[in-house]
Amino acid sequence: MEMHHHLRDQLKKLKMPGLYQALDMRLAESRTNNLGHLEFLSLLIQDELVNREDNMLSKRLKAAGFGVQKSFEDFDFRFNEEALPAGVLRDLATCHFLEQKQNLVIGGPPGIGKTHAAKAIGHEAARRGHQVLFRSTQKLLAEMQADSSQRAERILRRAVAVDLLILDDFAFRKLDQREAELLYMLAEERVGRASTVLTSNRPPEDWYAVFPDPVVGGAILDRLVSSAIKIISTKGRSYRREGQEAEKQTSGGKRP
Ligand code: ADP
Ligand code: MG
């Protein structure tokens, strides 16, 4: 027991809580299964690593600012298969497009699952160790102009630097000159360096109209959209309207 306490204090100093938490369980296991010293040690180190990875993932998810988190585990791939093809989504979930620094545009009517899909892709990216930032476009633009210039500077730097930036509800309303400049800066800094995902209820051809200056608008869209992977549909069922009803009736029509 004395030994145990001593070890606990040492592990605390070494900041190895995962190892400490697993210690009793692994001791019991090693007695029952007659584990060798090396095997026992290796299991404990593994426990510590898993614990650290979990903590880092929680941090990345929190920093992403998803609000309500959504993942592909709670996504029904069959619900809008036409608008959001399962094969394309599964491919995006591998985050290969992130390594290629490609952008992604998800466009279509409200309620079809665009934000859900974008958050789920963000979740996968965080699981793979990427830094993610999720914001509605309007909110991010407002934050980048916060009264506290320090706060504005901080979010601006993150928006430029993260591995994956998700701009939800892009081209939702008309932008002013300053907002267009900020978007241009983001688009210019990120193009070819890191992926940006845009979701929008409007089709990309309508996006030009939200910019105060067509030249700046064209330059932004050229960087964000022209070589992006595009999932654009004009139709789609609203999960808000239909999906939740169907779910009540079948008590869980979802599929992993
Ligand atoms: P959009 O961004 O296209 O307007 P959302 O992604 O916000 O739509 O979806 C609306 C609601 O329906 C959300 O709560 C979302 O989690 C849910 N939802 C949409 N599509 C699906 C789906 N295929 N499977 C499970 N839930 C879905
Ligand atoms: Mg949405």
Side-chain angles (χ1 to χ4, degrees), residues 61-62 64-95 97-98 103-127 132-144 159 162 164-175 179 183 186-187 195-207 209-210 220-221 224-225 228-256:
L61 290 173
K62 192 159 169 247
F66 288 120
V68 181
Q69 280 184 33
K70 302 277 177 176
S71 67
F72 282 124
E73 273 91 42
D74 49 42
F75 188 78
D76 181 351
F77 284 91
R78 285 167 307 178
F79 186 76
N80 261 317
E81 170 79 58
E82 240 176 281
L84 305 172
V88 179
L89 291 183
R90 288 187 202 280
D91 193 43
L92 290 164
T94 65
C95 293
F97 80 104
L98 268 188
N103 290 352
L104 165 69
V105 171
I106 310 178
I112 64 164
K114 301 181 300 295
T115 299
H116 190 136
K119 283 183 176 180
I121 290 165
H123 199 107
E124 292 298 327
R127 278 187 195 166
V132 181
L133 182 63
F134 174 94
R135 282 291 187 285
S136 89
T137 310
Q138 290 308 322
K139 180 149 183 251
L140 181 67
L141 289 170
E143 285 178 274
M144 296 200 306
V162 283
L164 178 62
L165 174 66
I166 303 171
L167 295 175
D168 199 31
D169 282 325
F170 191 78
F172 187 67
R173 64 152 176 78
K174 285 208 153 56
L175 302 174
E179 289 172 325
L183 266 184
L186 270 184
S195 297
T196 306
V197 173
L198 311 177
T199 80
S200 185
N201 291 339
R202 296 177 198 237
E205 56 269 24
D206 289 359
W207 295 2
V210 304
I220 293 169
L221 296 182
L224 289 180
V225 181
I229 300 164
K230 298 177 187 78
I231 309 177
I232 317 267
S233 95
T234 48
K235 291 192 288 275
R237 298 153 67 196
S238 168
Y239 195 93
R240 268 189 206 105
R241 251 179 290 132
E242 293 178 43
Q244 281 146 1
E245 283 307 309
E247 212 168 289
K248 270 179 225 153
Q249 282 160 20
T250 61
S251 69
K254 291 180 185 175
R255 200 181 54 155

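Atoms within a ligand are numbered from 1 in the order they appear, just like the ligands themselves.
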Ignoring angles and geometry beyond distance, decide whether G113 reaches within less than 3.5 Å of ligand 1 through its nitrogen or oxygen atoms.
yes
Audit row: K70, V68, side chain to side chain contact (heavy atoms under 4.5 Å, CB included) steps and yes/no:
CA-CA 7 Å; K70 302 277 177 176; V68 181; 3.9 Å; yes
How does D74 reach ligand 1, by side chain, by backbone, by both or by neither, if only non-hydrogen atoms under 4.0 Å count?
backbone
Could R173 and E179 be called an ion pair, given the rule that one side-chain N must be under 4.0 Å from one carboxylate O?
yes
Hey, which atoms in ligand 1 end up nearer than 4.0 Å to a heavy atom of P110?
4 (O)
Is there an N/O/S atom in T115 at a distance below 2.8 Å from the Mg ion (ligand 2)?
yes
Looking only at side chains, do N103 and S195 share a donor and an acceptor under 3.5 Å apart?
no
Closest to atom 24 (N) of ligand 1 (judged by heavy-atom distance), picking from D169, D76, I106
D76
Taking the non-hydrogen atoms of I112, is any one of them nearer than 4.0 angstrom to ligand 1?
yes
Counting only heavy atoms, tell me which of G111, G107, P109, S200 gets closest to atom 1 (P) of ligand 1.
G111
Does NZ or CZ of R202 fall inside the cone over F172's six-membered ring, less than 6.0 Å from its centre and within 45° of the axis?
no
So, is T115 polar-close to ligand 1, with some N/O to N/O distance under 3.5 Å?
yes
Judged by non-hydrogen atoms, does D168 sit under 4.0 Å from ligand 1?
no
Ion pair E81/R78, N-O distance below 4.0 Å
no
State whether a side-chain donor-acceptor pair under 3.5 Å links Q138 with S136.
no
Are any of the side-chain nitrogens in R135 or E143 under 4.0 Å away from the carboxylate oxygens of its partner?
yes
